[in-house]
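Each remark here refers to the structure printed beneath this line.
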2 protein chains.
Amino acid sequence: MLAYTTIQMSAQLRSDGGETPIIPLPFCPHPQQINFFAPGSEIYAQGEKAVNIYQVEFGAVRIYRLLADGRRQISAFHLSGEIFGLEADANHHFFAEAITGTNLRVFPRSKLGDISQELFSLTLRSLTRAQEHLLVLGRQTAAERVAAFLLDLAERQGGLEQIEMPMSRMDIGDYLGLTIETVSRVFSKLKDTGIIALPTLRSAEIRKWNALQAMCE
Amino acid sequence: MLAYTTIQMSAQLRSDGGETPIIPLPFCPHPQQINFFAPGSEIYAQGEKAVNIYQVEFGAVRIYRLLADGRRQISAFHLSGEIFGLEADANHHFFAEAITGTNLRVFPRSKLGDISQELFSLTLRSLTRAQEHLLVLGRQTAAERVAAFLLDLAERQGGLEQIEMPMSRMDIGDYLGLTIETVSRVFSKLKDTGIIALPTLRSAEIRKWNALQAMCE
DNA sequence: CGACATTTTGAGCCGTCTCAACTCTAGTGG
DNA sequence: CCACTAGAGTTGAGACGGCTCAAAATGTCG
């Protein structure tokens with residue numbers, strides 16, 4: 001929505017520097033190019049012809065859909081190493097945007113050839129992830145959703161207690177089916193009860209793993 | 001949950017007889033057996049080793065997950081022709097149960113060999129469907145959810161105004177993230193406004209397509 | 001340091017849930 | 001064929017969680 005262009009380097013440093021680079025980038029069937037996307041920039045749009053698939057080298061991406069009145073649902077965040085952009089037919093069914101400055105490996109769909117076992121299993125993992133997120137959206141309370149979100153992020157970042165959250169509160173709300181106010185209130189409550197700490201706005205630290213896990217049932 | 005055994009034939013007739021058999025059953029890589037499942041019977045359980053994939057010949061199946069306190073989220077219904085049971089790893093992440101009397105083609109996973117383009121694209125379609133359902137659960141009101149559900153069912157049954165609903169109100173609620181009471185209230189409202197008719201408990205007739213579509217935005 | 005965007009906090013409201021009673025349907029047995 | 005019964009669905013009243021609207025606080029970048 002907002003078109004930054006000059007800030008990209010600092011955002012890049014934040015999401016890439018520090019700790020982390022634990023996640024491997026194995027998927028690599030062909031020589032491919034790497035493109036940089038500035039924070040907030042569009043990678044593809046709903047309805048657009050799906051010519052490429054993408055792998056995050058570093059940064060973060062949101063996949064989302066919009067209702068006519070502007071309500072937004074983020075169906076997934078993609079972090080380093082993850083693949084996105086595969087579609088069931090010729091066109092994209094969702095929007096994809098870079099959250100922070102993001103480097104993407106671009107694989108032309110035409111050059112993929114036969115479906116590798118690896119690509120298939122990445123797709124199945126996405127499916128499982130989406131189906132599990134359905135449980136969160138359909139049946140969990142606000143507190144449970146945020147807890148599940150934090151644990152999921154932690155796990156995807158190597159299981160450390162320090163979590164990077166490249167996305168805004170609005171992104172988190174649109175992912176969890178909540179408003180920013182509710183997300184914020186839950187964060188505050190978790191902080192007050194000592195379950196997490198919030199060193200900065202875009203990072204969290206899990207202090208009581210069992211308490212957080214217990215919240216998801 | 002309930003173990004019928006004597007009623008299975010009538011259930012079978014209801015879901016199979018009448019109109020419908022429009023949907024093709026193309027997926028058929030190897031000779032395979034066909035198994036009958038009585039209404040309510042378990043096809044596989046969460047955590048169980050995933051040895052087969054399944055295709056519905058006739059009947060209906062629910063795929064679901066449970067929280068510790070019994071809250072249930074149905075992530076998908078599968079009708080004639082549809083495939084389910086594929087998992088990202090060795091074990092099932094969900095439960096699968098027959099809703100009505102159901103015949104399933106069973107394909108041993110071991111005999112699938114290389115992933116066919118067709119199987120891959122069926123998987124992608126499931127992924128898209130799940131991601132679109134996230135929008136429903138995350139951002140739509142009760143009335144919008146029910147409208148989307150009815151339109152989806154109608155489309156999958158060939159676009160006719162007569163819809164078969166093999167599942168109970170509880171199933172619908174657990175699919176849409178609502179209680180049975182709310183589902184029932186929305187059905188009543190749609191009936192009162194003449195948008196749908198409800199000839200029997202397990203069928204519906206769409207009277208005003210545009211009104212229903214307008215509800216989903 | 002100053003301006004703007006983002007996040008947090010507060011107060012009141014609304015949609016959906018909960019709990020309870022009633023109705024309808026389908027199956028059972030006289 | 002009809003009354004009886006159990007399960008499923010519907011309807012109503014009140015409660016509650018998360019939303020809306022508003023304002024204060026914090027963080028970011030010029």
Nearest whole Å is fine: how far is [N] [atom2] from [X] [atom1]?
| X | N | atom1 | atom2 | value |
| --- | --- | --- | --- | --- |
| B:L201 | D:dA6 | CG | C1' | 15 Å |
| A:I99 | C:dT6 | CD1 | C1' | 16 Å |
| B:F187 | D:dG9 | CZ | P | 10 Å |
| B:L190 | D:dT10 | CG | C1' | 15 Å |
| B:M167 | D:dG9 | CE | P | 12 Å |
| B:M165 | D:dA8 | CE | C1' | 13 Å |
| B:K189 | D:dG12 | NZ | C1' | 14 Å |

Any donor-acceptor pair under 3.5 Å from [X] side chain to [Y] backbone:
| X | Y | result |
| --- | --- | --- |
| B:D69 | B:R71 | yes |
| A:Q73 | A:D174 | yes |
| A:R109 | A:N52 | no |

Using a strict 4.0 Å threshold on nitrogen-to-oxygen distance, state whether [X] and [Y] make a salt bridge.
| X | Y | value |
| --- | --- | --- |
| A:E161 | A:R207 | no |
| B:R139 | B:E144 | no |
| A:R129 | A:D152 | yes |

task = Kindly check if the number of other-residue, nucleotide or ligand heavy atoms within 6.0 Å of CD (A:E205) is above 12?
result = yes
inquiry  = Students often get this wrong, so: under 4.0 angstrom with heavy atoms, is A:S188 touching a base, only sugar-phosphate, or nothing?
reply    = sugar-phosphate
key: Positions of residues 169-178 of chain B (non-hydrogen atom under 4.0 Å from DNA chain D), listed by number   = B:R169
inquiry  = Among residues 131-140 of chain B, which ones have heavy-atom contacts with DNA chain D below 4.0 Å?
reply    = none
ask   = Does B:R169 make a cation-pi contact with B:F187 (under 6.0 Å, within 45 degrees of the axis)?
value = yes
Cation-pi check, B:R72 onto B:Y64 ring (under 6.0 Å, within 45° of axis) = yes
note = Of B:I180 and A:A142, the one whose closest nucleotide on DNA chain D sits nearer the 5' end is B:I180
So, is [X] near the phosphate of [N], with a side-chain N or O under 4.0 Å from OP1 or OP2?
| X | N | value |
| --- | --- | --- |
| B:R202 | D:dG9 | yes |
| A:T200 | D:dG27 | no |
| A:T141 | D:dG17 | no |

request  = Report the distance from atom CG of B:L134 to atom CZ of A:F94, rounding to the nearest 0.5 Å.
outcome  = 7.5 Å
ask   = Going from CG on A:L86 to OG1 on B:T128, what distance comes out if it is rounded to the nearest 0.5 angstrom?
value = 9.5 Å
query = Between B:F77 and B:Y175, what is the ring plane arrangement, given parallel below 30°, perpendicular above 60°, and tilted in between?
reply = tilted
If you look only at distance, which donor and acceptor atoms sit under 3.5 Å apart when one is on a side chain in residues 208-216 of chain A and the other is two or more places apart or in another chain?
unit_1: A:K208; atom_1: NZ; unit_2: A:T193; atom_2: O; d: 3.2

Any N/O pairs under 3.5 Å between the protein and nucleotides 18-20 of chain C? List them or say none.
unit_1: C:dT18; atom_1: O4; unit_2: B:R185; atom_2: NH2; d: 3.0
unit_1: C:dC19; atom_1: N4; unit_2: B:E181; atom_2: OE2; d: 3.0

request  = For the helix from C:dC1-D:dG30 to C:dG30-D:dC1, figure out the bend between the end axes, five pairs an end, and round to 10 degrees.
outcome  = 40°
task = Identify, with sequence neighbours excluded, every residue that meets salt bridge (charged side-chain N to carboxylate O under 4.0 Å, His left out) alongside A:R185.
result = none
